[in-house]
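The block underneath contains the structure these notes are about, expressed in structure tokens.
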4 protein chains.
Amino acid sequence: MREESRDRIVAAALELFARRGFAATSVRMTAERAGVAQGLLYNYFESKDALLQAIFDRSMADVRESFEVAESDADPSARLERLVRAALEIVDRNREFWRLSYQIRMQPEVLASLGEDVVGWAEATRAHLESLLRDAGAAQHYVLDPENYPVDDVCREIVARFTPAGGGNGGRPT
Amino acid sequence: MREESRDRIVAAALELFARRGFAATSVRMTAERAGVAQGLLYNYFESKDALLQAIFDRSMADVRESFEVAESDADPSARLERLVRAALEIVDRNREFWRLSYQIRMQPEVLASLGEDVVGWAEATRAHLESLLRDAGAAQHYVLDPENYPVDDVCREIVARFTPAGGGNGGRPT
Amino acid sequence: MREESRDRIVAAALELFARRGFAATSVRMTAERAGVAQGLLYNYFESKDALLQAIFDRSMADVRESFEVAESDADPSARLERLVRAALEIVDRNREFWRLSYQIRMQPEVLASLGEDVVGWAEATRAHLESLLRDAGAAQHYVLDPENYPVDDVCREIVARFTPAGGGNGGRPT
Amino acid sequence: MREESRDRIVAAALELFARRGFAATSVRMTAERAGVAQGLLYNYFESKDALLQAIFDRSMADVRESFEVAESDADPSARLERLVRAALEIVDRNREFWRLSYQIRMQPEVLASLGEDVVGWAEATRAHLESLLRDAGAAQHYVLDPENYPVDDVCREIVARFTPAGGGNGGRPT
DNA sequence: AATGAATGAGCCTTCATTCAT
DNA sequence: GATGAATGAAGGCTCATTCAT
């Protein structure tokens, strides 16, 4: 039950930070959304900053794990498709997180206040993800408007492009 | 004279809003950076929100104008290249603004508080810009790390792609 | 067992209240120092204020008792010396308490919130103690820096002063 | 007028800190007593701690100056009396301050948070003052209950004691 | 007897904003 | 046009206190 309160706080914070921005979201508001008293937040997190860091920690672990599972696929012929699907799923499952992530990547000071690992990780994952999803435009587009995104088309096309005999416009800059 | 103070405030605000986020930037800080008393800000802008709106107005006008000039080129053979170069220049000249713009596009509530026109404009320009620069990945990449961006290569390639006989993968999703 | 927890709480509270002040000491801190959960404190005391009152009760009883023992000495020739030694011992044994007591005597509002008895007692004891220890300066000095206090000299001198044939400056204002 | 607000804040703070204790006095309460908005306090002082330090600075300067004036008296025969009267006046004029000072001297942590100079000064002045006023008991008594303090008797007696031919109980420990 | 998660009032501080100068 | 003292609401955080376990 201890974990439940903590999780609800993290979930509420992620949602609000993502949609309103970290600085514009008050702790009071976050606690309210999580359905707990505001003081409780400080039983689990040392500060509002620490809560932000915790969100990154959790999502980073989730992403890392998803990729590892996908990459461990033994069958080479299915591997690419699984990776691409995993990438889309990762974006999908953590949509709020990416939204938050995009904001913070634009703010050098805030970014620096998070641990070193976040900075490196954010860059690495973005590269990883985008090399699969073709480009940040796709990812960003998908984050903002998932309904109208042609997931299957994109998926099929990506696979096609990376499969021998496909060729075409290969060496595009990212 | 009047305009000089106003401009310095707008410039300071843009820089700070972009690098630290709108909510995390205080009016005091902005006035300090602009080298004026904090009260003066309210001679020119009704509120902090109005200042943000003013930044959008100014940058929107700048972008619009740049495009118009480029598109008015009479010579068809040079037109595409000029447009592409204009797009890169626009991003370059307003780098802080794009940084800010990306943050705010992620925040539905903030976005809505700006005028309707901003919402539509932001979307339209992004599409316009990105259809030229290929994708937001490129634009975003360029915003964050302009030093290492292969401007000329990209430019050449884009022109190539849109020039007859290029063809190929045209209908890519954005 | 019951008493042990209670005593540890009182001891911890006395130490912290004395060295950091009552208001600046948190219940959490006190419980931590006592090595118990913070909730337990409310099994023994109705409130933080009641804990303060309890400290006074305990120390007041201790002081009272010490004096009674000393004053009950039958042998007139030894009586004075024993009283003086008792006074010094009382100060010594309850050093933290005096420290706390001095602080609170300066704060009319806090003092009033304690029971009526405390106010009267504090004044009476101080007078009693100081008439023996010569003055609050001595007592206060001794509280703050017991190492360098010439206990024996003071003791001897006091006895001398109050012993017939000493006389001299008797009716000094306190 | 800037100075007036500042002074009113300092005066209100001194009074409240002295009578209720530093930690138990809220900034809101202080501002209210001073008749200003609570935010204004931070135009003049960086923090509540800084305000406490400012109080010490001001009173320390006042005390120092009073002593200097008294000590500069050329006439040797009047000098002692003037010094003693000055000491009493100093205590009188800064009664709230001494009250506060006594409290804080009992709290090692708070004391340490004030500048080094305060620690040394407090000790030196106390010694200085008390060697004149005979002892902290007198001073403390006078602080708490000035109405009933036999100022003139004490003054006369002190002078007598330090004047040649007086002698008597000279080498008392302080 | 004992724990510590949970509460919400209140703390110190910062903020956007106003207005006399 | 420009200043900065002044305001009071709101922010992040800590606190004394309660209560289910």
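The sequence lines fix the lettering, A, B, ..., with proteins before strands; numbering per chain opens at 1.
Checked by distance alone, Gln38(A) brings a side-chain donor or acceptor within 3.5 Å of a matching partner on the base of dC13(F).
Spacing between atom CZ of Arg28(D) and atom P of dA9(F) amounts to 9 Å, rounded to whole angstrom units. One interatomic measurement links the two molecules: CD1 of Ile9(D) to C1' of dT7(F), which rounds to 12 Å at whole-angstrom precision. Distance, Tyr44(D) OH to dT14(E) C1': 17 Å, rounded to whole Å. One interatomic measurement links the two molecules: CG of Leu52(B) to P of dA16(E), which rounds to 13 Å at whole-angstrom precision. The distance from atom CZ of Phe45(D) to atom C1' of dA5(F) is 14 Å, rounded to the nearest whole Å. As a whole-Å value, the separation of Leu40(D) CG from dT18(E) C1' is 14 Å. Look at CZ on Phe22(B): it is 13 Å from P on dC15(E), rounded to the nearest Å. Spacing between atom CD of Glu4(C) and atom P of dA2(E) amounts to 8 Å, rounded to whole angstrom units.
Between atom NZ of residue Lys48(C) and atom CZ of residue Phe22(C) there is a gap of 4.5 Å, rounded to the nearest 0.5 Å.
The 5' end of DNA chain E is approached more closely, in terms of each residue's nearest nucleotide, by Ala37(C) than by the other of Met29(D) and Ala37(C). Where Lys48(A) and Ser47(C) each meet DNA chain F at their nearest nucleotide, the meeting point lying more 5' is that of Lys48(A). Where Asn43(A) and Ser26(D) each meet DNA chain E at their nearest nucleotide, the meeting point lying more 5' is that of Asn43(A). Where Gly35(D) and Leu41(A) meet DNA chain F, the nucleotide closest to each residue was compared, and Gly35(D) sits on the side nearer the 5' end.
Under a 4.0 Å N-O distance rule, the pair Arg19(C)/Glu109(D) does not qualify as a salt bridge. The pair Arg8(D)-Glu4(D) meets the salt-bridge criterion, since a charged nitrogen lies less than 4.0 angstrom from a carboxylate oxygen.
Aromatic ring orientation, Phe97(D) versus Trp121(D): tilted (interplanar angle from 30° to 60°).
Considering only the side chain of Ser5(C), dA2(E) comes nearest among dG8(F), dA2(F), dA2(E). In this structure, of dA1(E), dT7(E), dG10(E), it is dT7(E) that holds the atom nearest to the side chain of Val36(A).
Pairing of dA20(E), defined by two Watson-Crick or G-U wobble distances under 3.5 Å, is identified with dT3(F). Shown here, dA1(E) forms no base pair; nothing in the strands shown gives a Watson-Crick or G-U wobble contact with both key distances under 3.5 Å.
In this model, a donor atom of one side chain and an acceptor atom of the other lie less than 3.5 Å apart for Asp57(B) and Gln53(B).
Across all strands shown, Thr30(C) has no heavy atoms under 4.0 Å from either base or sugar-phosphate atoms. In this structure, Val27(D) reaches the bases: a heavy-atom distance under 4.0 Å links it to at least one base atom across the strands shown.
For Tyr42(B), a side-chain nitrogen or oxygen approaches OP1 or OP2 of dT17(E) to under 4.0 Å.
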